[in-house]
Amino acid sequence: MMSSRRFLLSLGLLAVLAPHLRAAPSAFDHQHNAWTETLRGVVYDGMVSYNTLREDHAGLDRYLATLQSVTAAQYAGWSEAQQLAFWINAYNAYAVKLIVENHPVEGIRAIGLLPGSALDREFIPLQVLGGSALSLEDIQHRILRERFHDPRVHFALVTAARGSPKLRHTAYSADALHSQLEDAADRFINDPEHNVVDLAAGRMKLSPVFKWFRADFEKQARSLGGYLAQYLRHDDYEKLRTLAPTLKVEFLEFDWSLNGR
């Protein structure tokens, strides 16, 4: 049996080491596998089974806990791609969480006293910004747009609405981020539910995403048409590339109804 003296010495050693043990952060999963596991169980062609998540949201909660455990020191040591993937996944996961907590609901704009107030609700507790609560709008505008300047994020963020890009059934990850964002841009731009190009009529009918964030897209191209021409598929692609910057632009209405199934 351990003597009283040895026992007390052991306790003293643990007391000395405990702060260091607590301070050592666990390795963060940059593949975001917990988010992918959740998505694969509830996402079908971009639509989400919120009923399923409401009945069992333990996996979603575990994933959100991993996001909340990230410290400012950890975050500062990540690559830009790792940081960007973190915020895209965080936005989408917390948007889903907001719907689950208020389900059944017609859409995210139906949450709160005023239409759209849910987007400004500060309910996202992430230590990477000193522990202050964030809103979805904070993540999109103050972080993603101001810090990363990649307009393709607008094809990755999903506000739980049918007018948004379709939610992927896999998480964004740093090692595949470029190809994932390119795929998201290609899918959204060429989805006729969101965008229609009519060369014969000389016009494009576009998602309001391109109206709201027009400046972001035109930073990389001289016009919306010029940006879209990088991704648009068309039988007469060369004609499209020539005419796209001069096509008349009209914007469709955004569909805020829930992306549920």
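If you're wondering where the values come from, they're calculated on a predicted model, not measured in any experiment. Here, residue 1 is the first one in the sequence, and each next residue gets the next number.
- Taking CD1 from Ile143 and CZ from Phe86, the interatomic distance works out to 8.5 Å, rounded to the nearest 0.5 Å.
- Residue pairs meeting the salt bridge (charged side-chain N to carboxylate O under 4.0 Å, His left out) criterion with at least one member in residues 99-113, sequence neighbours excluded, are Lys97-Glu101.
- Without hydrogens or angle criteria, Gln180 side chain to Ala171 main chain gives a donor-acceptor distance under 3.5 Å.
- Sorted by first and then second residue, the side chain to side chain donor-acceptor pair (under 3.5 Å) pairs involving residues 138-147 (not counting sequence neighbours) are Ser135-Asp138, Asp138-Arg142, His141-Arg145, Arg145-Asp216.
- Annotation: side chain to side chain donor-acceptor pair (under 3.5 Å) contacts involving residues 116-127, sequence neighbours excluded, are absent.
- Residues Thr66 and Asp29 are not in side-chain contact: their nearest non-hydrogen atoms beyond the backbone lie 4.5 Å or more apart.
- Residues Leu144 and His154 form no side-chain contact, since every pair of their non-hydrogen atoms from C-beta on lies 4.5 Å or further apart.
- Side-chain polar atoms of Asp150 and Gln220 form no donor-acceptor pair below 3.5 angstrom.
- Surrounding CZ of Arg222 are at most 12 heavy atoms belonging to other residues, nucleotides or ligands under 6.0 Å away.
- Scored by the side chain to side chain donor-acceptor pair (under 3.5 Å) test, Glu218 finds Arg214 as partners (sequence neighbours excluded).
- More than 12 heavy atoms of other residues, nucleotides or ligands shown are found within 6.0 angstrom of CD on Glu250.
- Taking each heavy atom of Leu119 and Ile108 in turn, the nearest pair found is CD2-CD1, 3.8 Å.
- Under the ring-ring contact (aromatic ring centres under 6.0 Å, His included) criterion, the residue pairs touching residues 39-60 are Tyr50-His103, with sequence neighbours excluded.
- One N or O on the side chain of Gln83 and one on the backbone of Tyr75 form a donor-acceptor pair closer than 3.5 Å.
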Starting from the C-alpha separation in whole Å, work towards a yes-or-no answer on side chain to side chain contact (heavy atoms under 4.5 Å, CB included) for Leu126 and Gln68.
-> CA-CA 5 Å; Leu126 293 178; Gln68 294 167 20; 4.1 Å; yes

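- Every residue two or more places apart in sequence or in another chain that forms a ring-ring contact (aromatic ring centres under 6.0 Å, His included) with Trp256 is listed here: Phe254.
- Here the closest non-hydrogen pair linking Val158 and Asn92 is N-OD1, 2.8 Å.
- The CG atom of Leu247 sits 6.0 Å away from the CG atom of Leu199 when rounded to the nearest 0.5 Å.
- With sequence neighbours excluded, the residues that form a side chain to side chain donor-acceptor pair (under 3.5 Å) with Asp183 are Arg168, Arg187.
- Contact annotation: the side chain of Lys166 approaches that of Asp45 to within less than 4.5 Å [non-hydrogen atoms, C-beta and beyond].
- Ring geometry, Phe123 versus Tyr94: the interplanar angle exceeds 60°, so the pair is classed perpendicular (tilted spans 30 to 60°).
- Between His30 and Trp78, the ring planes are perpendicular. Angles over 60° get that label, and only those under 30° would be called parallel.
- A heavy-atom distance below 4.5 Å is not found between the side chains of Val249 and Phe210.
- When side chains are defined from C-beta on, Val153 does not count as touching Phe148, because their heavy atoms never get closer than 4.5 Å.
- Closest heavy-atom contact between Leu258 and Val105: CD2-O, 3.5 Å.
- Note that CG of Leu181 is 12.5 Å distant from CG of Asp186, once rounded to the nearest 0.5 Å.
- Between Leu39 and Tyr63, the closest side-chain pair of non-hydrogen atoms is not below 4.5 Å.
- To the nearest 0.5 angstrom, Asn51 atom CG is 13.0 Å from Asp56 atom CG.
- Under the ring-ring contact (aromatic ring centres under 6.0 Å, His included) criterion, Tyr227 pairs with Phe217, Tyr231, sequence neighbours left out.
- Scanning for ring-ring contact (aromatic ring centres under 6.0 Å, His included) contacts around Tyr172 gives an empty result, with sequence neighbours left out.
- Under the rule for a side chain to side chain contact (heavy atoms under 4.5 Å, CB included), the partners of Ser257 that lie at least two apart in sequence or sit in another chain are Arg162, Asp255.
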Could you walk me through whether Leu67 and Trp35 pass the side chain to side chain contact (heavy atoms under 4.5 Å, CB included) check?
-> CA-CA 10 Å; Leu67 300 182; Trp35 182 221; over 6 Å; no

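- In this structure, the separation between CG on Leu53 and CG on Asp61 is 9.5 Å, given to the nearest 0.5 Å.
- Residues meeting the side chain to side chain contact (heavy atoms under 4.5 Å, CB included) test with Lys219, sequence neighbours left out: none.
- Closest approach of Ala174 and Ala85 over heavy atoms only: N-CB, 4.0 Å.
- The backbone N or O of Arg233 lies less than 3.5 Å from a partner atom in the side chain of Asn190, making a donor-acceptor pair.
- Linking ILVMFWY residues whenever their side-chain heavy atoms come closer than 4.5 Å, directly or via other members, leaves Val96 and Met47 in distinct clusters.
- For Asp198 (side chain) and Arg203 (main-chain N/O), no donor-acceptor pair under 3.5 Å exists by modelled atom type.
- Using a 4.5 Å cut-off on side-chain heavy atoms (C-beta onward), Met204 and Val196 make no contact.
- Considering every non-hydrogen atom in both Thr159 and Ser164, the closest pair reads OG1-OG, 2.7 Å.
- Scanning all heavy atoms of the two residues, the minimum distance from Pro165 to Leu157 falls at CD-O, 3.4 Å.
- The distance from atom CZ of Arg54 to atom CG of Leu60, rounded to the nearest 0.5 Å, is 14.0 Å.
- With sequence neighbours left out, the side chain to side chain donor-acceptor pair (under 3.5 Å) criterion links Ser207 to no other residue.
- Residues Phe188 and Leu252 are members of separate hydrophobic clusters, defined by side-chain heavy-atom contacts under 4.5 angstrom among Ile, Leu, Val, Met, Phe, Trp and Tyr.
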Please walk me through it: do Val197 and Leu228 pass side chain to side chain contact (heavy atoms under 4.5 Å, CB included)?
-> CA-CA 10 Å; Val197 177; Leu228 290 163; over 6 Å; no

